[in-house]
Amino acid sequence: MRDPVPAHVPPPPSPRSTLFRGALLVTQDPARRIFRGDLRVEGGRIASVGEHDPTPVDLVVDASGFAIVPGFVNAHTHVAMSLLRGIADDRELAGFLETLFAVDAKRTEADVEVGARAGIAEMLLSGTTSFLDLYYFEDAIARAVESLGIRGFLGWAVLDPELTTQKGVPVENARAFIDRWKGHALVSPLVAPQGVYVCGKETWLRSKEIAERAGALVHYHLSETRREVHEHQEKTGRRPVVWLEEIGFLGPRSVAAHAVWLTGEEIGLLARRQVGVAHCPSSNLKLASGGVAPVVELRAAGATVGLGTDSVASNNSLSMLREMHVAGLVQKNQRWDATVLSAQELLDLATLDGARLLGRESDLGSLEAGKQADFSLFRLDHPTLLPARPEAIVSHLAYSASEEAVDSVFVAGAPVVEHRRLVRADWSTIRRDGEAAAETLWSTRPRK
Ligand SMILES: [Zn+2]
């Protein structure tokens, strides 16, 4: 294993102050204002958002042809699995997992880094500036985060010691990972118990203890399938959420992915304990989870819900634009109610609510003075944004905008995508490395 990069690496250099002039600003501020105006960035943060800003700056960008939109927060993924896109399509969950586990067991830290670089490139090019990950070899993913300039909330996967292929005790590996990267400008390390099917009481409670001590998040899969719920009920006499409450695990600074199969009691528990939920509709639909996560009830109960793509093995995209679209359609259709989960609410899930899940709502998720300058410039002349009227821009973002409309992306005020090209890496190199690593990985898959 390579030595991890030391913590406290400064953010990438950017001009001291930049003014984006005349953009259509989709602020996501408390009033959800949308207007033509100027956005000024200083020292990596948004210094002002207003109709006209006369302050002298180092660089003025004519942004009149663009909408500026807060960077998307992908609230659940396994980014390094980008090399496995299409490897187990159209399979039942059991067959899907069998293939994935077989290939996962052969992965090396080097190919995890290659896969993470490819996945991060895909996310940046579709306007995502923060993501919450669950995997192992997270040091490799942290290096990819740092070099490409995205914000990574990286969860070291934890399961019971007797079930792991990790060297050492997984939960202690997670603790050491957090120690190595804590305080980094772009990497937020955390602990990620995989799910009730591979984690016993000790593992859950030790994960929580480590997270609390480090001020880190804890991220996990929860009640994704009926089978998971029923098997846990058979084993313990309790449904997963109730069981996690009884063992004393549920609490704030905690993000559960999926949460498809919940009772009313469980919805209430998640809301009361301030557990955030990462809703992953594409993955649930493609793996035929059967149910639809009760997003409307969770929100009504006061729980924070964000949107996640899950991995490209089960989506098969990392685009938050696609995820908003699917999330809206599935809730409306399922409930026979076209009014639920409006375009504005979908954009909230993908930005502000995602930031809230990460405990960073004061810093991320909207265009407001003092927040991190994490945002994208969408081309207003793209066919999928016509008519580019202020009153329709949120609708376009939720339902129609193509990833190709994302022209430029900034993280902490630094350009990471410019005119659809990665700034800090070369896509042809990432692609070449990705194809080579995939060649090896795909050869290990069980053929059925
Ligand atoms: Zn997942």
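Every number for a ligand or one of its atoms is a count from 1 in the order of the listing. The figures that follow rest on heavy atoms only: side chains count, while hydrogens, waters and symmetry mates do not. In this text the structure is predicted, and so the values were computed from the model without any measurement.
- Residue Glu224: no N/O/S atom is found under 2.8 Å from the Zn ion (ligand 1).
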(message) Set out, in order, the CA-CA distance, both residues' side-chain angles and the distance that settles ring pair (Phe, Tyr, Trp, His ring centres under 6.0 Å) for His78 and His76, then state yes or no.
(response) CA-CA 7 Å; His78 314 276; His76 178 66; 4.7 Å; yes
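- Asn316 and Lys286 form a side-chain donor-acceptor contact under 3.5 Å, judged by distance and modelled atom types alone.
- With no hydrogens or angles considered, no side-chain donor-acceptor pair links Ser126 and Ser319 at under 3.5 Å.
- Between the side chains of Gln166 and Glu172, no donor N or O sits under 3.5 Å from an acceptor N or O.
- Counting backbone and side-chain atoms alike, His78 contributes an N/O/S atom closer than 2.8 Å to the Zn ion (ligand 1).
- Not a single N, O or S atom of Cys280, from either the backbone or the side chain, sits less than 2.8 Å from the Zn ion (ligand 1).
- Taking the Zn ion (ligand 1) as the apex, the angle formed with OD1 of Asp310 and NE2 of His221 is 180°, to the nearest 10 degrees.
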